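Below is one structure; the comments refer to it alone.
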Amino acid sequence: MPEGHTLRRLADGIAERFAGHVVAVSSPQGRFAGSAAVLDGTLLIGAESWGKHLFIAFEGDRFVHVHLGLYGSFNLADGPADGPAPPPVGQVRLRIASGGESPSYADLRGATACDLLTDAQRRAVLDRLGPDPLRPDADWTRAWDRVRRSKVAIGALLMDQEVLAGVGNVYRAELLFRHRLHPLRPGNTLRRGQFQAMWLDLVALMVEGVRTGRIDTVRHEHEPGEMGRPPRKDDHGGEVYVYRRTGQDCHVCGSRVRTDVLVGRNLFWCPRCQPRFRSRAEAKPALRR
DNA sequence: CCAGAATGTCCAA
DNA sequence: TGGACCTTCTGGT
């Protein structure tokens, strides 16, 4: 489900199957029917993601903007769209289908946004987004400039798509754990090198997420096999330190993982590995300033 | 079987 | 700050 790595995989999968093809576009559910009719039988040029946003480019300055929200899905499959029975689960808002030698189709369900935009409108969406760790041209200092000047909790800043685009609740929880940061630490108490290290780590984690389609964040020595615990079975399928592990033992120190709600979203952290207040060693450089 | 929760965002008060 | 959106999965009856 959808954090930035999911959208990147979708963009890649759509481009791979449909770029350069004249495609059939429809809206079985009906809510995108007018726009689908405009696009039907036109050339699909490519697809890209930025953060959790997906843009599918068609000829004639037309872009389908998709945001999956909390529970949207975009299922890509090979084979004819009306072939032997992919069961019609849910309501298909948008279907893209190609014919020819190797037919494929893509079904969109439950998305928060599915709109037909011009390039100017697409750029207006992008202008409101911070750097995406998955984009090679991303400038992490733009995110840092927001973080360093803000008293807002780092746990909230990481989820703010204007600060940094693509992080959701899982990457937030896990990145804070891996860097021993309490979610409520104000952004302006972080150090530059610390934030840079977080960014680089996030890039590596998300690149791995694109490769595998899961969010795995535990280091080798904390993997189930190494620690003799059963592998995690969960929606996102990956091995994590704290996300949705409330009340369970921290893999590193054994403390009970805690939870709370911040800006309407669930927080998870280890009270011992992620202390609320800065340690003396950490506080020193700030005092010298 | 049904209530509730979920990796997200927007809008109204 | 709380509800709407609209879909799937889980856990408790």
Side-chain angles (χ1 to χ4, degrees), chain A residues 1-11 27-33 49-55 65-76 86-95 106-115 117 121 124-130 132-134 152-153 155-178 183 202 205-218 232-248 257 259-269:
Chain A
M1 295 219 178
E3 296 196 25
H5 68 304
T6 304
L7 280 295
R8 171 53 55 86
R9 284 172 65 86
L10 286 174
S27 177
Q29 175 218 45
R31 282 181 55 181
F32 194 63
S49 67
W50 189 304
K52 299 170 194 168
H53 296 255
L54 171 66
F55 298 93
H65 171 224
V66 171
H67 195 296
L68 294 179
L70 191 52
Y71 43 70
S73 67
F74 213 157
N75 293 308
L76 313 187
V89 186
Q91 304 232 320
V92 177
R93 174 110 36 103
L94 163 66
R95 169 172 283 178
D107 283 351
L108 176 70
R109 295 178 173 84
T112 285
C114 177
D115 307 299
L117 304 184
Q121 292 171 318
V125 173
L126 293 179
D127 283 347
R128 282 187 266 110
L129 296 176
D132 175 349
L134 286 174
V152 170
L157 290 166
L158 288 175
M159 296 277 281
D160 184 340
Q161 304 297 301
E162 296 185 18
V163 172
L164 175 161
V167 169
N169 214 0
V170 185
Y171 280 123
R172 164 176 75 170
E174 296 300 303
L175 189 68
L176 290 172
F177 178 91
R178 286 169 61 95
L202 181 58
L205 289 174
M206 292 184 76
V207 165
E208 182 67 3
V210 172
R211 192 177 71 79
T212 63
R214 337 182 329 162
I215 301 181
D216 287 291
T217 61
V218 302
R232 181 186 176 87
K233 178 90 173 67
D234 205 341
D235 293 2
H236 65 282
E239 288 296 328
V240 294
Y241 284 109
V242 291
Y243 176 71
R244 282 227 243 175
R245 293 196 63 248
T246 307
Q248 299 178 50
V257 172
T259 187
D260 202 348
V261 174
L262 175 68
V263 215
R265 309 300 307 281
N266 295 323
L267 275 182
F268 305 91
W269 77 98

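Chain naming here is simple, since letters A, B, ... match the order of the sequence lines and numbering starts at 1 in each. Since we're looking at a predicted model, the values are computed, not measured.
Looking at residues two or more places apart in sequence or on another chain, you find a side chain to side chain contact (heavy atoms under 4.5 Å, CB included) between A/D260 and A/W269. Looking at residues two or more places apart in sequence or on another chain, you find no side-chain hydrogen bond (donor to acceptor under 3.5 Å, both in side chains) involving A/H67. Annotation: side chain to side chain contact (heavy atoms under 4.5 Å, CB included) contacts of A/R245 (sequence neighbours excluded): A/R232, A/V240, A/Q248, A/H251, A/V257. Qualifying ring pair (Phe, Tyr, Trp, His ring centres under 6.0 Å) partners for A/F268, counting only residues two or more places apart in sequence or in other chains: A/Y243. With sequence neighbours excluded, the residues satisfying side chain to side chain contact (heavy atoms under 4.5 Å, CB included) with A/R128 are A/V125.
Only the C1' atoms considered, C/dT1 is 22 Å distant from B/dT7, to the nearest whole Å. Comparing C/dT8 with B/dC10, their P atoms are spaced 23 Å from each other, to the whole Å.
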Can you check nucleotides 9-13 of chain B for protein contacts, nitrogen or oxygen pairs under 3.5 Å, and list what you find?
unit_1 : atom_1 : unit_2 : atom_2 : d
B/dT9  : OP1    : A/H67  : NE2    : 3.2
B/dT9  : OP2    : A/K52  : NZ     : 3.2

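The distance from atom CG of A/L68 to atom P of B/dA6 is 19 Å, rounded to the nearest whole Å. The CZ atom of A/R109 sits 23 Å away from the P atom of B/dA6 (whole-angstrom rounding). The distance between atom CG of A/N169 and atom P of B/dT7, rounded to the nearest whole Å, is 5 Å. In this structure, A/L205 places its CG atom 18 Å from P of B/dT7, rounding to the nearest Å. A/N75 has its CG atom 13 Å from the P atom of C/dT7, to the nearest Å. B/dT7 atom P lies 16 Å from atom CZ of A/R245, rounded to whole Å. In this structure, the CD atom of A/E162 is 16 Å from the P atom of B/dG8, given to the nearest Å. Nucleotide C/dC9 holds its C1' atom 12 Å from the CG atom of A/L70, rounded to whole Å.
Counting heavy atoms from C-beta outward, A/V167 and A/L202 have side chains that approach closer than 4.5 Å.
For the pair A/T212 (side chain) and A/R214 (backbone), a donor-acceptor distance under 3.5 Å is present.
For A/Y243, a side-chain nitrogen or oxygen approaches OP1 or OP2 of B/dT7 to under 4.0 Å. Put simply, A/N266 has a side-chain N or O that comes within less than 4.0 Å of OP1 or OP2 on B/dT7.
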